[in-house]
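Remarks on the structure that follows.
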Amino acid sequence: MRLTREFYRREGRQVARELLGKILVRNYKGSVLRARIVETEAYLGPEDRASHAWKNKRTERTETMYLQGGHLYIYLIYGMYNCLNVVASVEGIPHAVLIRGVEPLEGEEVMRGLRNCKKKYELTNGPGKLCMALGIERRDNGVDLATSPDIWLEDDGYVPGEVVCARRVGIEYAGDYREMLWRYYIEGNPWVSRR
DNA sequence: GCATTGATAATCT
DNA sequence: GATTATCAATGCA
């Protein structure tokens with residue numbers, strides 16, 4: 001069942017936690033790709049120094065985060081890689097959830113075709129990797145997961161086992177917010193980017 | 001370990 | 001308008 005608007009219109013951390021176990025569905029050139037979300041991070045705009053929208057900063061890029069929950073926020077990092085975020089909360093409050101790891105369920109051969117990767121788990125165990133595997137690029141920025149025919153999220157009733165809270169990755173510049181345990185992952189799942 | 005890469009935002013003239 | 005510092009990472013050595 002496709003997740004509806006109300007799922008996304010909540011506080012970022014709650015959305016991040018509940019996105020674990022949900023399925024990311026992608027229509028890619030006639031193929032249906034499905035992957036279960038196993039790792040997320042929450043970024044809470046106004047107060048969070050690690051967020052692009054810290055102190056409610058509004059720029060052309062961050063504008064997407066101010067849309068209501070359910071939209072995709074996709075940006076280029078390190079000049080080479082795309083990162084996929086799900087916008088949370090209501091209009092005007094820039095919360096976002098970074099998807100860091102997914103487990104392929106369907107169309108894995110197509111995903112491997114989009115990426116040159118040798119080891120099994122390296123296909124989708126990182127934010128840049130999973131974007132490549134699912135054919136997600138910056139032109140998908142601003143797409144609405146609640147209505148798009150090309151990409152959306154589903155709930156198949158799966159309930160994650162033990163969920164771990166941890167520090168977020170790659171935000172050494174964020175001062176005290178470095179310490180916040182706003183990263184969530186399913187314990188023991190091999191598609192998590194790092195332990 | 002370390003090089004890669006280009007959009008973005010801040011800081012200048 | 002031009003210049004520069006920075007970066008929610010990856011892949012190869």
Side-chain angles (χ1 to χ4, degrees), chain A residues 8 11-17 19-20 24 35 37-67 69 71-89 93-104 111-143 145 151 164-186 189-195:
Chain A
Y8 304 106
E11 202 264 350
R13 280 169 295 186
Q14 190 172 7
V15 174
R17 168 67 184 75
L19 277 175
L20 291 178
L24 181 58
I37 297 170
V38 301
E39 180 181 0
T40 61
E41 284 180 2
Y43 288 84
L44 308 186
E47 58 173 294
D48 183 1
R49 193 166 165 191
S51 171
H52 294 159
W54 179 41
K55 294 196 287 194
N56 280 316
K57 186 167 71 168
R58 290 188 94 118
T59 66
E60 197 174 351
R61 178 173 69 155
T62 63
E63 207 55 36
T64 308
M65 293 177 70
Y66 291 84
L67 299 175
H71 291 268
L72 283 184
Y73 172 46
I74 303 194
Y75 64 90
L76 190 68
I77 189 64
Y78 299 123
M80 306 175 227
Y81 302 107
N82 294 304
C83 286
L84 184 159
N85 295 249
V86 175
V87 176
S89 195
I93 300 184
H95 288 187
V97 179
L98 172 67
I99 309 298
R100 290 191 53 91
V102 298
E103 172 180 352
M111 296 183 206
R112 297 219 175 252
L114 286 169
R115 257 170 72 59
N116 196 13
C117 114
K118 295 169 184 169
K119 294 180 185 162
K120 177 173 181 184
Y121 296 114
E122 302 228 327
L123 181 62
T124 54
N125 67 343
K129 297 172 188 175
L130 67 91
C131 281
M132 272 184 261
L134 295 171
I136 292 166
E137 302 173 51
R138 286 179 56 254
R139 63 165 187 276
D140 296 304
N141 185 50
V143 164
L145 290 167
I151 183 164
V164 179
C165 302
R167 284 193 193 173
R168 293 172 294 174
V169 176
I171 53 159
E172 302 312 310
Y173 58 89
D176 292 344
Y177 280 87
R178 218 171 19 164
E179 316 294 331
M180 298 296 135
L181 303 179
W182 292 349
R183 172 170 174 246
Y184 307 89
Y185 64 87
I186 299 176
N189 189 293
W191 302 90
V192 170
S193 67
R194 52 196 270 198
R195 227 136 291 228

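These figures come from a predicted structure and were not determined experimentally. When reading the values below, keep in mind they use all heavy atoms of this one structure, side chains included, and skip hydrogens, waters and symmetry mates. Chain identifiers are assigned alphabetically (A, B, ...) following the order of the sequence lines, protein sequences preceding nucleic acid strands; residue numbering begins at 1 within each chain.
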Please report the distance, rounded to the nearest Å, between [atom1] in [X] and [atom2] in [N].
X      : N     : atom1 : atom2 : result
A/E137 : B/dA7 : CD    : P     : 14 Å
A/N141 : B/dA7 : CG    : P     : 15 Å
A/K57  : B/dT8 : NZ    : P     : 13 Å

Should C/dA8 be called syn or anti, with syn set as within 90° of 0?
-> syn
Could you check A/D48 against A/R168 for side-chain contact (heavy atoms from CB on, under 4.5 Å), going step by step and ending with a plain yes or no?
-> CA-CA 12 Å; A/D48 183 1; A/R168 293 172 294 174; 2.7 Å; yes
Side chains of A/R183 and A/E39 in contact at under 4.5 Å (non-hydrogen atoms) = yes
Do A/Y73 and A/V86 have side-chain heavy atoms sitting under 4.5 Å apart?
-> no
Between which residue ranges does DNA chain C form stems of three or more consecutive Watson-Crick or G-U wobble pairs, both distances under 3.5 Å?
-> B:1-4 with C:9-12, B:6-12 with C:1-7
Examine A/H52 together with A/Y75 and report whether their ring centres are nearer than 6.0 Å.
-> yes
Judged by atom type as modelled, is there a donor-acceptor pair below 3.5 Å linking the side chain of A/T40 to the main-chain atoms of A/A16?
-> yes
Without swapping roles, check the side chain of A/T124 against the backbone of A/V102 for a donor-acceptor pair under 3.5 Å.
-> yes
Protein proximity profile, nucleotides 2-13 of chain C - base contact B, sugar-phosphate-only contact S, no contact -, cut-off 4.0 Å on heavy atoms = -----BBBBS--
Between C/dT4 and B/dT5, how far is it from one C1' atom to the other, in whole Å?
-> 15 Å
Parallel, tilted or perpendicular: rings of A/W191 and A/Y121 (30°, 60°) = perpendicular
Does the side chain of A/E41 come under 3.5 Å of the side chain of A/Y43 through a donor N or O and an acceptor N or O?
-> yes
